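Before any comments, here is the structure.
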Amino acid sequence: MDVEASHESPPLRSKTMRRLLVATNCVMLALGVTGGQLLSRLYFSKGGHRQWLSGWLQTGGWPLLLPPVAASYVRRRARYRSAPALLTQTQPRILLAAAGLGLIAGVDNLLYAWGLEFLPVSTSAILISTQLAFTVLFAFLIVRQRLTMATVNAVALLTVGAVVLGLHVSSDRPAGVTRSQYWLGFTLTLGAAVLYGLFLPLVELTYKCAAGGGRAVTYALVVELQLVMGFVATAFCTVGMIVNKDFQRRARFHSTPRQGRTRQPPSCRVRVRVRGQTPAASRSAMDVEARKDAAPARGKAVRRFLVALNCGMLALGAIGGPLLSRLYFSKGGHRQWLSAWLETGGWPLLLVPVAASFGARRARDRGAPVLLTPPRILLAAAGLGVATGVDDFVYAYGLAYLPVSTSAILISTQLAFTVFFAFLVVRQRLTAASVNAVALLTVGAVVLGLHVSSDRPPGVTRGRYWLGFSLTLCAAALYGLVLPLVELAYRRAAGGGRAVTYALVVEMQLVMGFFATAFCTVGMVVNKDFQAIPREARQYELGEARYYMVLAWAAVLWQCFFLGAVGVIFCVHTLLAGILIAVFIPVTEVAAVIFLHEKFSSEKGVALALSLWGLASYSYGEWSQAKAKKEKKSEEDDGEVAQAVP
């Protein structure tokens, strides 16, 4: 964000003042980058283990910005005595954008603090340095930052450094940290780097929007924005601390340091036993037995109906959602934030079943709560909603430059990422079938990447095609992380013997959809999409009425997709949802060729065949494993009966 935009402002007229500000901010940045990481790691290494508290501390000093903001206000008031000075210089829409950025910063702080608990500062610092690569990517996408050979070289070197670190430095694990915890910290820190790489260009975009209409962006306005971002980020972490009961546990944990003991992160502390299950069986999948006490899932018929219903919604959304999104772009639409908004904008449809559930509970019990979901699970759903919003935007940006057939095959690689993250997050066991499926899907994506750039849509340059290719792969990776995190949220909701009903699942999806839509709404406000939509509708190739019809149906179908996905996870487990999403690839391919007149090259056929082969292999492996378990259980039951008979 060049300082030239602020040259008209009195505080920055002189070069001396500008140099003083640059030097002061560089010193503060140096102090924060070095000292902040060291003290945060010191907190964890000497017995601290409250990730929410560590995340809170990263923005908890926001009240220190109140004196300069107050001084700026007093100075403006003294200068303009004839007219009352405004309390802030920032426009309401910019303050709203700053609040959204603060929420992103809060999520990023939590990811970073959680990763730092299991990594040495030296490793964490190198991983965080990769944020430059993500900053370059998102700056190119969001603020049209020009790429140079120097930036590309820096990105390449940082990427190679992270790969080398990942291959060889697991031996530097801190005392008491297991190998799986180390890799969890590794992944979380990389995730924090990605999110911060998105955060910085969004901040620059906010400054540019604040400078619209020739308005000067002063240093006082920048401090006001930072104050709002810090307040919202701290509020987010404060809610997390309250839900996690960190305030009550401070004294007890202060008096009992870790002393080298091994401790699992909150995401892994699921010692929830289901009736008749061992802990190992509970970890293997999101089994439905945990909900057998709940009235909606007592009978097998109800369970089968729920599975069929959610599979149908998933099929409808997985096929229709991408087709309508691509139709929007191919016929004249070019608002990526709007396309991302549509993917979760249908969340109000879920108010009907949530209200019906509340009405049924109220009829049975006058004192029934409005929501079944515990507050800490609602908070987790809010975080998942933000992650979903980011994923929606990345996917929509990629789809703007790719045909649906290519995008669908690339999205199928989310099964590989789902397998990987399910192993890390919910300890899903890897089998030969899952590894084989991952390998085949990876080969299919490589074949597609090497040979099918000839299927570029009209008007899309080669550079934009590869940009869409990369973004779609990133969207697949992020959604592969979201699915296991959803399953983890269900497991945490089942703590204390609590039944996880389908009504609770719908409530969680409602919260996730609301926050994902709110995230994209902030992006639309900053990007001025609401002002551009009527003009775009008038210029749409299919006409204004069909423009709004495409948007409405896209929102409905995408909501079916997300609700079906979380429903399948609830009824069965994460990997089945991943499998079904990829199974619908050939249907989407055929529909895109028929309705959107896309090319179907031989390379796409090879990639599709490899994908289906991998999916068939995985499905057969899962079926064989389930059959073996069933036979083993039957033999054990027969043995118990034989022992009981005299």
Side-chain angles (χ1 to χ4, degrees), residues 141 316-346 391-412 448-449 451-476 520 523-524 527 529 532-561 584-601 603-605 607-608:
L141 294 176
L316 198 61
I319 299 167
L323 288 174
L324 286 179
S325 294
R326 182 58 203 163
L327 181 65
Y328 163 74
F329 286 117
S330 64
K331 298 302 180 181
H334 49 272
R335 318 302 299 180
Q336 288 91 351
W337 281 111
L338 171 60
S339 181
W341 188 95
L342 294 173
E343 294 181 36
T344 52
D391 183 68
D392 293 344
F393 175 68
V394 175
Y395 171 76
Y397 217 126
L399 190 60
Y401 304 129
L402 291 181
V404 173
S405 52
T406 304
S407 176
I409 294 178
L410 290 175
I411 284 294
S412 72
L448 194 65
H451 297 287
V452 300
S453 62
S454 58
D455 71 341
R456 295 198 305 271
V460 174
T461 64
R462 187 177 182 86
R464 288 184 174 181
Y465 179 91
W466 286 111
L467 175 62
F469 195 98
S470 304
L471 288 173
T472 306
L473 276 180
C474 290
C520 294
M524 291 179 67
N527 206 38
D529 281 4
I533 287 175
R535 182 176 66 254
E536 187 175 81
R538 291 191 296 269
Q539 299 172 352
Y540 198 61
E541 290 183 21
L542 300 180
E544 187 173 0
R546 290 185 178 179
Y547 173 85
Y548 291 110
M549 189 178 298
V550 168
L551 298 186
W553 277 107
V556 172
L557 291 177
W558 277 119
Q559 193 58 48
C560 289
F561 170 79
F584 298 128
I585 290 173
V587 184
T588 307
E589 291 260 358
V590 173
V593 171
I594 294 175
F595 296 110
L596 300 182
H597 308 290
E598 294 183 353
K599 300 177 183 178
F600 190 84
S601 61
E603 291 83 4
K604 285 185 182 179
L608 180 61

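Predicted model, so just to flag it, every value in this text is computed and none were measured. Along the sequence shown, residues carry numbers from 1. Hydrogens, waters and symmetry mates are skipped; everything else that's a heavy atom, side chains included, is used.
Contacts of Y328 classified as side-chain hydrogen bond (donor to acceptor under 3.5 Å, both in side chains), with partners at least two apart in sequence or in another chain: E536. Qualifying side-chain hydrogen bond (donor to acceptor under 3.5 Å, both in side chains) partners for S339, counting only residues two or more places apart in sequence or in other chains: none. Annotation: side-chain hydrogen bond (donor to acceptor under 3.5 Å, both in side chains) contacts of T344 (sequence neighbours excluded): T517. Looking at residues two or more places apart in sequence or on another chain, you find a side-chain hydrogen bond (donor to acceptor under 3.5 Å, both in side chains) between D529 and R335, N527.
Residue F393 holds its CZ atom at 8.5 Å from CG of L471, rounded to the nearest 0.5 Å. Separation of atoms CD1 (I319) and CG (L324) is listed at 12.0 Å; rounding is to 0.5 Å. For the atom pair CH2 of W341 and CE of M524, the computed distance is 7.0 Å after rounding to the nearest 0.5 Å.
Closest heavy-atom contact between P322 and G317: CD-O, 3.5 Å. Of all non-hydrogen atoms in A340 and A396, the two that sit nearest each other are N-CB, 3.7 Å. Nearest heavy atoms, Y540 versus G332: CE1-N, 4.1 Å. Nearest heavy atoms, R464 versus Y401: O-CB, 3.4 Å. Shown here for V394 and A475, the closest heavy-atom pair between the two residues is CG1-N, 3.9 Å. Taking each heavy atom of P534 and Y548 in turn, the nearest pair found is CA-OH, 4.0 Å.
With contacts defined as side-chain heavy-atom distances shorter than 4.5 Å, the pair L316/L557 qualifies. Between S330 and L327 the shortest side-chain heavy-atom distance falls below 4.5 Å. The side-chain heavy atoms of Q336 and L399, taken from C-beta on, include no pair separated by under 4.5 Å.
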Does the pair W558 and Y395 meet the rule for a ring pair (Phe, Tyr, Trp, His ring centres under 6.0 Å), with working shown? CA-CA 13 Å; W558 277 119; Y395 171 76; 5.7 Å; yes
Would L338 and L551 count as a side chain to side chain contact (heavy atoms under 4.5 Å, CB included) if you check the C-alpha gap in whole Å, the side-chain angles of each, and the deciding distance to 0.1 Å? CA-CA 9 Å; L338 171 60; L551 298 186; 4.1 Å; yes
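Residue pairs meeting the salt bridge (Lys or Arg N to Asp or Glu O under 4.0 Å) criterion with at least one member in residues 538-553, sequence neighbours excluded, do not occur. Pairs engaging residues 318-334 under the salt bridge (Lys or Arg N to Asp or Glu O under 4.0 Å) rule: none recorded [sequence neighbours left out].
Listed for the Y397 side chain is a donor-acceptor partner under 3.5 Å among the backbone atoms of L141.
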